[in-house]
Q: 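Provided herewith is a single structure, encoded as structure tokens, for subsequent inquiry.
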Amino acid sequence: MDENQYLEQLQEYIKNKRALILKDADTAIGIMAFNEITGSIDFFGVHPQYRKRGIAKAFCEKALYELACSAQISVTTFREGDKADTGYREIWGSLGFAEAELLIEFGYPTQRFILHREKSEGGDNE
């Protein structure tokens with residue numbers, strides 16, 4: 001991963017209020033950056049000591065809310081079989097995201113997941 005490129009991009013998201021952070025005292029336990037124009041979740045991470053506490057799922061649901069106007073939402077995550085995946089693929093799948101193309105991002109092999117959403121007419125979404 002190109003850390004400098006990643007940090008520059010993250011600073012841009014913070015500046016444009018497209019980043020969320022959840023903290024426990026001085027520890028960042030969850031971070032997400034999104035782009036409502038492209039309908040993408042561009043960064044997502046949960047501190048290792050806070051996994052298995054529902055934080056990842058809560059952030060995913062927040063992303064769906066923040067990107068509510070997007071007909072399609074995309075996120076990239078680890079490829080199948082990557083030992084670095086601590087359950088993100090499972091979370092995206094449980095929220096209705098489907099596997100899409102394989103990519104290389106920041107020099108690391110990833111896979112895009114896409115959630116196709118139907119536009120509701122008349123505001124009835126139940």
Side-chain angles (χ1 to χ4, degrees):
M1 181 172 99
D2 182 339
E3 189 173 339
N4 290 331
Q5 179 187 10
Y6 159 76
L7 290 174
E8 285 176 24
Q9 187 178 22
L10 188 56
Q11 288 296 328
E12 192 66 26
Y13 279 92
I14 292 168
K15 183 175 107 179
N16 292 314
K17 299 184 191 286
R18 293 180 178 161
L20 303 171
I21 185 168
L22 179 62
K23 293 177 75 176
D24 182 6
D26 291 334
T27 303
I29 61 175
I31 301 173
M32 179 175 63
F34 59 91
N35 187 326
E36 70 279 359
I37 296 166
T38 63
S40 61
I41 300 167
D42 296 331
F43 178 81
F44 183 78
V46 175
H47 190 288
Q49 292 178 336
Y50 291 83
R51 294 186 183 138
K52 311 251 186 220
R53 295 188 184 183
I55 293 167
K57 187 168 175 94
F59 262 72
C60 292
E61 289 169 353
K62 175 67 171 167
L64 296 180
Y65 174 79
E66 291 292 332
L67 300 171
C69 293
S70 299
Q72 175 178 296
I73 298 173
S74 68
V75 63
T76 55
T77 191
F78 301 99
R79 289 187 184 180
E80 188 173 8
D82 189 328
K83 294 186 188 313
D85 181 16
T86 57
Y88 291 113
R89 290 177 61 88
E90 183 179 332
I91 291 166
W92 297 120
S94 74
L95 292 170
F97 284 76
E99 294 181 29
E101 73 272 17
L102 301 176
L103 304 166
I104 301 288
E105 295 179 299
F106 302 108
Y108 195 85
T110 61
Q111 183 172 14
R112 183 179 318 275
F113 275 59
I114 297 175
L115 176 67
H116 296 282
R117 304 173 88 177
E118 293 182 26
K119 297 263 185 186
S120 72
E121 296 185 30
D124 254 340
N125 220 8
E126 302 290 329

Q: For I14 versus A19, what's the shortest heavy-atom pair and its separation?
A: CG1-CB, 3.9 Å
Q: Do you know which two heavy atoms are closest between A100 and I114, and how far apart they sit?
A: CB-CD1, 3.9 Å
Q: Can you name the side-chain hydrogen bond (donor to acceptor under 3.5 Å, both in side chains) partners of N35, sequence neighbours left out?
A: none
Q: Using atom types as modelled and distance alone, determine if a side-chain donor or acceptor of R89 lies under 3.5 Å from a backbone N or O of F78.
A: yes
Q: Applying side chain to side chain contact (heavy atoms under 4.5 Å, CB included), run through Y88 and V46 and close with a yes or a no.
A: CA-CA 10 Å; Y88 291 113; V46 175; 3.6 Å; yes
Q: How long is the straight-line distance from CD1 of I29 back to CD1 of I55, given to the nearest 0.5 Å?
A: 4.0 Å
Q: State which residue, out of E101, E105, E99, fulfils the side-chain hydrogen bond (donor to acceptor under 3.5 Å, both in side chains) condition with R112.
A: E101
Q: Is the shortest side-chain heavy-atom distance between T27 and Y50 below 4.5 Å?
A: yes
Q: Which heavy atom of A28 sits nearest to which heavy atom of I21, and what is that distance?
A: CB-CD1, 3.7 Å
Q: Can you find a heavy atom in the side chain of E36 that is under 4.5 Å from one in the side chain of R18?
A: yes
Q: Distance check, rounded to the nearest 0.5 Å: T76 atom OG1 versus D42 atom CG?
A: 7.5 Å
Q: Can W92 be reached from Y108 by stepping across I, L, V, M, F, W or Y side chains whose heavy atoms are under 4.5 Å apart?
A: yes
Q: With a 6.0 Å cut-off on the ring centroids, do F43 and Y13 count as close?
A: no
Q: Could you tell me whether a side-chain N or O of D82 sits under 3.5 Å from a main-chain N or O of A84, the two making a donor and an acceptor?
A: yes
Q: How far apart are the closest heavy atoms of F59 and L20, and which atoms are they?
A: CE2-O, 4.0 Å
Q: Closest heavy-atom contact between I104 and T110?
A: N-OG1, 4.4 Å
Q: Please round to the nearest 0.5 Å and tell me the distance separating atom CD of Q72 and atom CG of L67.
A: 11.5 Å
Q: If you round to the nearest 0.5 Å, how far is CG of D85 from CD1 of I91?
A: 8.5 Å
Q: So which heavy atom on K62 is nearest to which on M32, and how close?
A: CG-CE, 4.2 Å
Q: Measuring from D24:CG to H47:NE2, what's the distance to the nearest 0.5 Å?
A: 9.5 Å
Q: Nearest 0.5 Å, please: how far is CD1 in I41 from CZ in F34?
A: 9.5 Å
Q: Taking CD in Q5 as the centre, count heavy atoms belonging to other residues, nucleotides or ligands within less than 6.0 Å. Is the count above 12?
A: yes
